[in-house]
4 protein chains.
Amino acid sequence: AAASSDNPSSKVYAPYTVFKGKAALSVSPVLPTFRKLDSGGLQLDRRGVMMLNIWPAIGERKYDWEKRQSFALSATEVGSLLTLGPQDSCEFFHDPSMKTSNAGQVRKSLSIKANADNSGYFFSLSVANNILKTSERLTVPVTSAEFAVMRTAFSFALPHIMGWDRIACQLSAGVSYSTKAAPLVKDMEWDR
Amino acid sequence: AAASSDNPSSKVYAPYTVFKGKAALSVSPVLPTFRKLDSGGLQLDRRGVMMLNIWPAIGERKYDWEKRQSFALSATEVGSLLTLGPQDSCEFFHDPSMKTSNAGQVRKSLSIKANADNSGYFFSLSVANNILKTSERLTVPVTSAEFAVMRTAFSFALPHIMGWDRIACQLSAGVSYSTKAAPLVKDMEWDR
Amino acid sequence: AAASSDNPSSKVYAPYTVFKGKAALSVSPVLPTFRKLDSGGLQLDRRGVMMLNIWPAIGERKYDWEKRQSFALSATEVGSLLTLGPQDSCEFFHDPSMKTSNAGQVRKSLSIKANADNSGYFFSLSVANNILKTSERLTVPVTSAEFAVMRTAFSFALPHIMGWDRIACQLSAGVSYSTKAAPLVKDMEWDR
Amino acid sequence: AAASSDNPSSKVYAPYTVFKGKAALSVSPVLPTFRKLDSGGLQLDRRGVMMLNIWPAIGERKYDWEKRQSFALSATEVGSLLTLGPQDSCEFFHDPSMKTSNAGQVRKSLSIKANADNSGYFFSLSVANNILKTSERLTVPVTSAEFAVMRTAFSFALPHIMGWDRIACQLSAGVSYSTKAAPLVKDMEWDR
């Protein structure tokens with residue numbers, strides 16, 4: 001299967017960012033990539049994610065982006081966030097070295113906890129690195145209004161990181177007209 | 001009425017898939033087809049569906065796609081899923097041979113049942129084939145987070161499988177400008 | 001202000017229709033029209049609506065489209081439907097001859113009532129015509145699942161019938177880049 | 001970094017407006033602007049807003065647009081509105097002269113209060129201008145149905161005023177194909 005090359009020049013940067021006393025948090029969707037099939041069709045290759053970054057404050061209204069920790073939320077993890085009630089919590093664990101010889105050496109976790117008065121959530125990103133013998137934890141309080149922005153923006157972005165907007169685009173591109181002998185829907189259920 | 005031909009080469013494959021112990025489940029929208037009218041307009045021809053596949057595990061992390069069972073959810077069946085509460089259940093019945101001489105010979109049912117602790121749902125797809133004397137049942141547990149992904153993705157896809165995105169596209173394509181003597185909305189209610 | 005002409009040939013027909021024992025009901029969005037300003041901009045001219053039709057059954061699975069009654073739901077009336085709880089009801093009144101000499105001669109009303117067991121709604125469209133001395137009432141039961149389809153499709157269509165998708169398209173079309181001396185948001189609040 | 005110029009001729013005007021006894025209220029999204037990077041990418045420059053205007057009635061069905069007061073809701077303020085329950089209230093404060101020598105001279109506040117019978121909200125916009133020695137307050141009652149329209153339209157518009165629709169467009173534009181040696185998602189979490 002052929003594969004066309006990336007075009008990094010067309011990248012768009014529009015993260016949603018909240019700046020708080022001890023750290024800043026930003027979220028931004030990363031789109032999936034597709035592989036061109038010999039048939040001419042497109043096959044989802046690398047899944048998209050919702051990239052979350054937290055980076056520490058190093059002075060009044062100054063934040064050090066070089067010290068950021070990243071966490072790439074999968075579609076299903078985004079689903080968890082979308083269903084989070086005002087008193088709920090959730091936690092995700094990632095191992096960036098999974099399936100390599102360094103597996104288990106670095107452990108990342110993102111925890112999202114409703115705060116005591118239900119006025120929002122604490123986002124805490126912990127990274128324990130056995131190789132560098134480091135352990136970091138960055139926490140950002142997120143208000144209900146900010147979480148509502150995330151929820152709405154994540155709902156918008158989810159079909160995009162899943163690649164479903166591509167499926168929808170087929171139509172707009174003018175294909176998918178029926179032939180006179182169009183197969184019926186029930187035929188699809190037979191189709192195996 | 002004329003009908004242009006399908007262009008299978010532009011197909012996009014991006015199903016949402018969950019792999020569980022005994023089987024895997026995937027969902028993927030299938031767009032409607034349109035028929036070109038003599039007036040130049042487009043008429044919805046074959047409705048779109050949400051195609052659901054379940055196929056069995058045949059070893060550790062190995063699944064046999066050839067043994068898949070398919071179920072094509074209509075717009076209204078997708079509507080049922082969208083309103084499903086955390087303790088609700090629903091079941092759909094399809095007869096792929098409906099209105100043929102084999103009607104009633106094959107019966108498919110998809111049941112979606114909240115599990116005991118409300119942490120998700122069981123998707124069970126049963127196929128009873130009187131001709132082949134076979135009866136199969138494949139079940140996949142779906143977590144709340146995974147169901148939230150489906151709910152959000154189904155909400156996104158529903159207008160597309162209904163063909164309503166096409167209606168919306170008319171605008172983008174630059175038509176629908178008003179003439180100086182544009183009819184009022186109330187005229188539309190007289191228009192029969 | 002100039003106005004370009006309609007292009008009826010590009011019309012797309014994709015109503016969502018439910019067929020019941022005594023009548024059928026269909027809903028379909030009608031897009032707004034825009035007027036071209038001398039500045040080159042576009043001004044919303046005629047608002048879009050959600051067109052609802054009910055037409056009677058005249059035999060088994062036969063329906064008479066010629067006998068249909070229409071009701072054009074405004075954006076705000078669509079808003080009412082979107083907030084309708086499982087036990088709620090609402091009713092809208094239209095006078096298709098409003099502001100003409102025939103005002104008050106024809107009265108249309110659409111009532112949407114939750115049914116007794118909360119499993120859906122009754123849509124009733126009444127038309128009393130004092131001129132023709134006629135009075136009609138067509139009622140269609142709509143299940144929760146069908147109403148969920150409407151709710152999701154109406155939420156999708158609402159920004160389109162308001163013309164807000166056009167606003168969004170500006171961006172996609174590549175305009176709205178900032179100049180070096182871009183005005184700040186706070187300037188906008190001064191801007192009168 | 002280069003910056004292309006604005007194209008005001010392509011502006012689209014489609015506010016959602018409600019006319020009430022003492023004043024009218026309109027809301028309309030204002031898109032963000034982007035700055036072209038030397039890499040060819042796009043960087044969000046000026047954030048988009050939801051522009052709210054209230055202007056007074058000066059007679060029966062006559063309203064004076066010249067006397068309007070404006071309030072530019074940020075993404076997070078829109079998030080507040082989206083989470084507003086039927087009995088909730090919220091208030092936002094803006095200083096259009098913030099960070100200038102006139103800071104604190106003009107104070108604007110928008111308050112949104114559920115009315116007594118939970119049938120809607122009061123939108124009140126107050127502007128106290130110490131320089132002109134003026135103080136104005138304009139209030140518009142908004143029904144639940146009208147608020148539902150705003151909620152749905154704001155949910156649609158939010159990703160657009162955040163610039164996230166641009167990110168989604170990358171895909172449609174045909175980029176983001178994977179190379180044969182596509183980086184894995186986990187690599188992204190290492191990428192700093």
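Just so we're on the same page: letters track the sequence lines, and every chain starts at 1.
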Next item on the list: Output the residues of residues 74-81 of chain B for which the shortest heavy-atom distance to chain A is under 4.5 Å, in residue-number order; output 'none' if no such residue exists.
Entry: none

Notebook entry, point to check: Quick one: does A:Trp164's side chain have a donor or acceptor within less than 3.5 Å of a partner on B:Ala14's backbone?
Noted result: yes

Next item on the list: Of all the heavy-atom pairs spanning A:Phe34 and B:Val12, show the shortest one and how long it is.
Entry: CE2-CG1, 3.7 Å

Next item on the list: Name the region of B:Val142, side chain, backbone, both or neither, that has any atom closer than 4.5 Å to a heavy atom of chain A.
Entry: neither

Notebook entry, point to check: Is chain A contacted by the side chain of B:Ala153, its backbone, both, or neither, given a heavy-atom distance below 4.5 Å?
Noted result: both

Notebook entry, point to check: Which bit of B:Ser28 is near chain A, if near means a heavy-atom gap under 4.5 Å: side chain, backbone, both or neither?
Noted result: both

Checklist line | Spacing of A:Asp165 atom CG and B:Asp165 atom CG [to the nearest 0.5 Å] | finding: 12.0 Å

Next item on the list: Rounded to the nearest 0.5 Å, what's the gap from OH on B:Tyr13 to CG on A:Leu42? Could you check?
Entry: 10.0 Å

Note to self: Under 4.5 Å from any heavy atom of chain A, what part of B:Pro159 do you find: side chain, backbone, both or neither?
What the structure shows: neither

Review item, side-chain donor-acceptor pairs of residues 144-151 of chain A, under 3.5 Å, at least two apart:
residue: A:Ser144; atom: OG; partner: A:Ser119; partner atom: O; Å: 3.0
residue: A:Glu146; atom: OE1; partner: A:Lys20; partner atom: NZ; Å: 2.8
residue: A:Glu146; atom: OE1; partner: A:Thr143; partner atom: N; Å: 2.9
residue: A:Glu146; atom: OE1; partner: A:Thr143; partner atom: OG1; Å: 3.3
residue: A:Glu146; atom: OE2; partner: A:Lys20; partner atom: NZ; Å: 3.3
residue: A:Arg151; atom: NH1; partner: A:Leu82; partner atom: O; Å: 2.8
residue: A:Arg151; atom: NH2; partner: A:Leu84; partner atom: O; Å: 3.2

